> 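Could you have a look at this structure, given as structure tokens, before my questions?
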Amino acid sequence: PAYLQTSQAQVLSSKPDYQKILDEQGEVFCCVELVLDELQQAVKLLQ
Amino acid sequence: SVNPMAYEAQFFGFTPQTCMLRVYIAFQDYLFETMLLVESVMLKKMDGFPDCKISPFELRKSTEKFLLFMKEHFDKLFSKMEEVLLQLVLNIPKNVLLPEDKVHEQYPDSKEQFQALQDEIHQLQEQYRAEASAGQALRAELEEQKVVQAELEKILQWFDGLENICRKYGTSNFKESFTFLTQNSKKLQDMLKDVEKKSK
Amino acid sequence: GRAQVFATVVDTFLEKLVAAGSYQRFANCYRCFYRLQPEMTRSIYDQFIAQLQTSIKEEIQEVKNEGNLEALFNSLDKIVEEAKNQEEPAWRPSGIPEEDICSTVVPYLLKHKLYLQKVLKVKEEENRKVAESVLAGRDRIAELQQRIQARKHAWQ
């Protein structure tokens, strides 16, 4: 695109993939869900 | 070759030759008209003399003779007058530049300069368009960032909420609680074994 | 000045024309009438000369008025006086309008170029500020990601 020849070309060409960043947060929830499942099982066992 | 005196025409609004021609035709017409007037006056006067033996034909011949003479001198004199006026009055000397043409003195290599300037301007316009696009793209990213920041902050708030629930139900530190519960259940298991042994 | 020369040349023309068309010549041409009425011939001649001079002077005045020649002559005298130190021949139209128009247009192009340079600079500065905000935003997002990861690790 034409703006890659401009004064802020470096900033524009280093734009992060924001969609990917948001998609990666799904992994965080999966991980915490697993942890809570483990906690639940451990508590049941202890109970 | 005929000098069209175009530069003089630019200044005066008419070509000097046209002006002189107009004057020549007008002067010539006045000469003819005045001669005709003279002739008609003489004819009228002759009518007042019944014994007059001069015919209108003879009078006309006299008029033509005088007119021919006058026309010859008129043409010579006018030609000299025209020469002087065209050279000294209705003329712009070669070293004189009219005020409206001063710009040509300032920019003598204007053709090359014109082309170079056009190229530079085109480039500047392209650069400006590119910067405008870049500005739009940057502002669009700012909007995107707002959305992403809001989502990430929501996740952190969710973590806070989770921890608040745990605190509400008495478990602020899961590690300690589990250690305590595990030790207690081990104690209970040991006590149960003890009780079973003693009852046997 | 040109106005003076113009008036002098026209007056000289008239003088010489009148001198050429003398009374002797007139009477000689109209001999028959002169013999009949010598006094009337003189009177007619005087009227002829007067009428001719008046008509010619009126015509010259009309030409001067129509063409605004007095003002133009004075103006041209001034322009010639200002250029008296110029020895080189001055610029003249080449007869090719496309070439001649270049000089007239160049000053406007220069102005336009300066204007474009100015607005480009303003735009670049604007973009620089927005870019600063964008970079700050990216840093903030990176920080939030790190904090989320830290909370996740803590739970793990």
Side-chain angles (χ1 to χ4, degrees), chain B residues 7 11-12 14 23 26-27 30-31 34 38 41-42 45 49 52 54 58 62 65-66 69-70 73-74 77 81 84-85 88-89 93-99 101 103-105 107 110-111 113-114 117 120-121 124-125 127-128 131-132 134-135 138-139 141-142 145 148-149 152-153 155-156 159, chain C residues 2 5-6 9 13 16-17 20-21 25-26 29-30 32-33 36-37 40 44 48 51-52 55-56 59 63 67 72 76 79-80 83 86-92 99 102-107 109-110 112-113 116-117 119-120 123-124 126-127 130-131 133-134 137 140-141 144-145 147-148 151:
Chain B
Y7 208 48
F11 177 77
F12 286 107
F14 52 81
V23 170
F27 284 11
Y30 289 136
L31 181 64
T34 322
V38 162
V41 165
M42 285 184 180
K45 298 292 180 201
F49 301 111
C52 176
I54 307 167
E58 278 176 68
S62 302
K65 188 177 172 186
F66 186 66
F69 173 80
M70 285 296 283
H73 277 84
F74 170 84
L77 290 167
M81 178 174 82
V84 171
L85 289 179
L88 296 181
V89 177
K94 283 196 172 20
N95 65 323
V96 169
L97 183 71
L98 294 177
D101 292 329
V103 70
H104 297 284
E105 212 175 42
Y107 304 104
S110 58
K111 203 174 168 194
Q113 216 176 356
F114 179 81
L117 273 171
E120 279 180 63
I121 283 170
L124 282 167
Q125 283 171 335
Q127 263 182 286
Y128 182 82
E131 284 293 331
L138 288 169
R139 273 181 279 275
E141 188 175 335
L142 276 179
Q145 283 179 348
V148 172
Q149 277 178 29
L152 295 179
E153 273 159 9
I155 294 171
L156 282 170
F159 273 112
Chain C
R2 278 169 166 71
V5 171
F6 186 81
V9 166
F13 163 79
K16 291 196 168 162
L17 188 65
R25 177 69 61 173
F26 185 80
C29 290
Y30 285 100
C32 39
F33 190 85
L36 191 67
Q37 291 286 323
M40 196 158 292
I44 291 172
F48 158 71
Q51 182 62 42
L52 189 65
S55 302
I56 284 176
E59 177 63 22
V63 167
L72 287 175
L76 187 53
I79 294 168
V80 169
Q86 287 282 4
E87 284 175 11
E88 297 288 315
W91 177 87
R92 287 289 184 266
E99 281 186 18
C102 289
S103 308
T104 324
V105 174
V106 158
L109 289 182
L110 282 168
H112 189 45
K113 176 185 154 185
L116 283 174
Q117 283 172 333
V119 296
L120 181 62
K123 202 70 185 165
E124 283 175 348
E126 223 177 82
N127 285 354
V130 177
S133 305
V134 163
R140 171 99 182 111
I141 285 170
L144 286 170
Q145 281 179 288
R147 280 169 61 186
I148 289 170
R151 300 291 274 271

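What you see is a predicted model; the values in this text were computed from it and never measured. Lettering follows sequence order; numbering is per chain, from 1.
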> Where does B:Lys45 contact chain C at under 4.5 Å (heavy atoms): side chain, backbone, both or neither?
side chain

> Hey, which of C:Arg92, C:Lys113, C:Lys123 has the most heavy atom pairs under 4.5 Å with chain B?
C:Arg92

> Among B:Leu98, B:Leu117, B:Val23, who wins on heavy-atom pairs under 4.5 Å with chain C?
B:Leu117

> Quick one: do B:Phe159 and C:Arg147 satisfy side chain to side chain contact (heavy atoms under 4.5 Å, CB included)? Show the steps, please.
CA-CA 11 Å; B:Phe159 273 112; C:Arg147 280 169 61 186; over 6 Å; no

> Is it the side chain or the backbone of B:Tyr128 that comes within 4.5 Å of chain C heavy atoms, both, or neither?
both

> Nearest 0.5 Å, what's the CG-CD distance between C:Leu120 and B:Glu131?
6.0 Å

> Taking every heavy-atom pair that is under 4.5 Å apart, which of B:His104, B:Met81, B:His73 has the most such pairs with chain C?
B:His104

> For each of B:Phe14, B:Phe27, B:Phe74, tally heavy-atom pairs with chain C at distances under 4.5 Å, and name the one with the top tally.
B:Phe27

> At their closest point, which heavy atom of C:Val106 faces which heavy atom of B:Gln113, and how far apart are they?
CG1-OE1, 3.9 Å

> Contact part of C:Glu88 toward chain B, heavy-atom cut-off under 4.5 Å: side chain, backbone, both or neither?
backbone

> Quick one: what part of B:Ile54 sits under 4.5 Å from any heavy atom of chain C, side chain, backbone, both or neither?
side chain

> Kindly indicate whether the side chain of C:Leu110, heavy atoms from C-beta on, has any atom under 4.5 Å from the side chain of B:Tyr107.
yes

> So what's closer than 4.5 Å to chain B heavy atoms on C:Leu76: side chain, backbone, both or neither?
both

> Can you name the closest pair of heavy atoms from C:Ile56 and B:Tyr30 and give their distance?
N-CD1, 4.3 Å

> Which pair of heavy atoms, one from B:Val96 and one from C:Ala83, lies closest together, and at what distance?
CG2-CB, 3.9 Å

> Rounded to the nearest 0.5 Å, how far apart are CG of B:Leu156 and CD1 of C:Ile148?
4.5 Å

> Name the member of B:Glu58, B:Met70, B:Gln125, B:Glu105 that forms the most heavy-atom pairs with chain C at distances under 4.5 Å.
B:Met70

> Looking at B:Val84, B:Val89, B:Leu97, which has the largest count of heavy-atom pairs under 4.5 Å with chain C?
B:Val89

> If the condition is side chain to side chain donor-acceptor pair (under 3.5 Å), which residues does B:Gln149 pass it with, not counting sequence neighbours?
none

> Let's test your reading of the structure: which of C:Thr104, C:Leu116, C:Val9, C:Val134 forms the most heavy-atom pairs below 4.5 Å with chain B?
C:Val134

> Which atoms of B:Glu120 come close to chain C, meaning under 4.5 Å heavy atom to heavy atom: side chain ones, backbone ones, both, or neither?
side chain

> Using heavy-atom distances under 4.5 Å, tell me whether C:Arg140 contacts chain B through its side chain, its backbone, both, or neither.
side chain

> Closest heavy-atom contact between B:Pro93 and C:Arg2?
CD-NH2, 4.0 Å

> Please name the pair of heavy atoms, one in C:Asn127 and one in B:Gly135, separated by the smallest distance, quoted to 0.1 Å.
OD1-CA, 3.2 Å

> Specify which of C:Arg25, C:Glu126, C:Gln37, C:Lys16 makes the most heavy-atom pairs with chain B at under 4.5 Å.
C:Arg25

> Where is the tightest heavy-atom contact between B:Val38 and C:Ile44, given as atom of each residue plus distance?
CG1-CG2, 3.8 Å

> Who wins among B:Phe114, B:Phe66, B:Phe49, B:Phe12 for the most heavy-atom pairs under 4.5 Å with chain C?
B:Phe66

> Please flag which part of B:Leu138 lies under 4.5 Å from any non-hydrogen atom of chain C: side chain, backbone, both or neither.
both

> In Å and rounded to the nearest 0.5 Å, what is the CH2 to OH distance from C:Trp91 to B:Tyr7?
6.0 Å

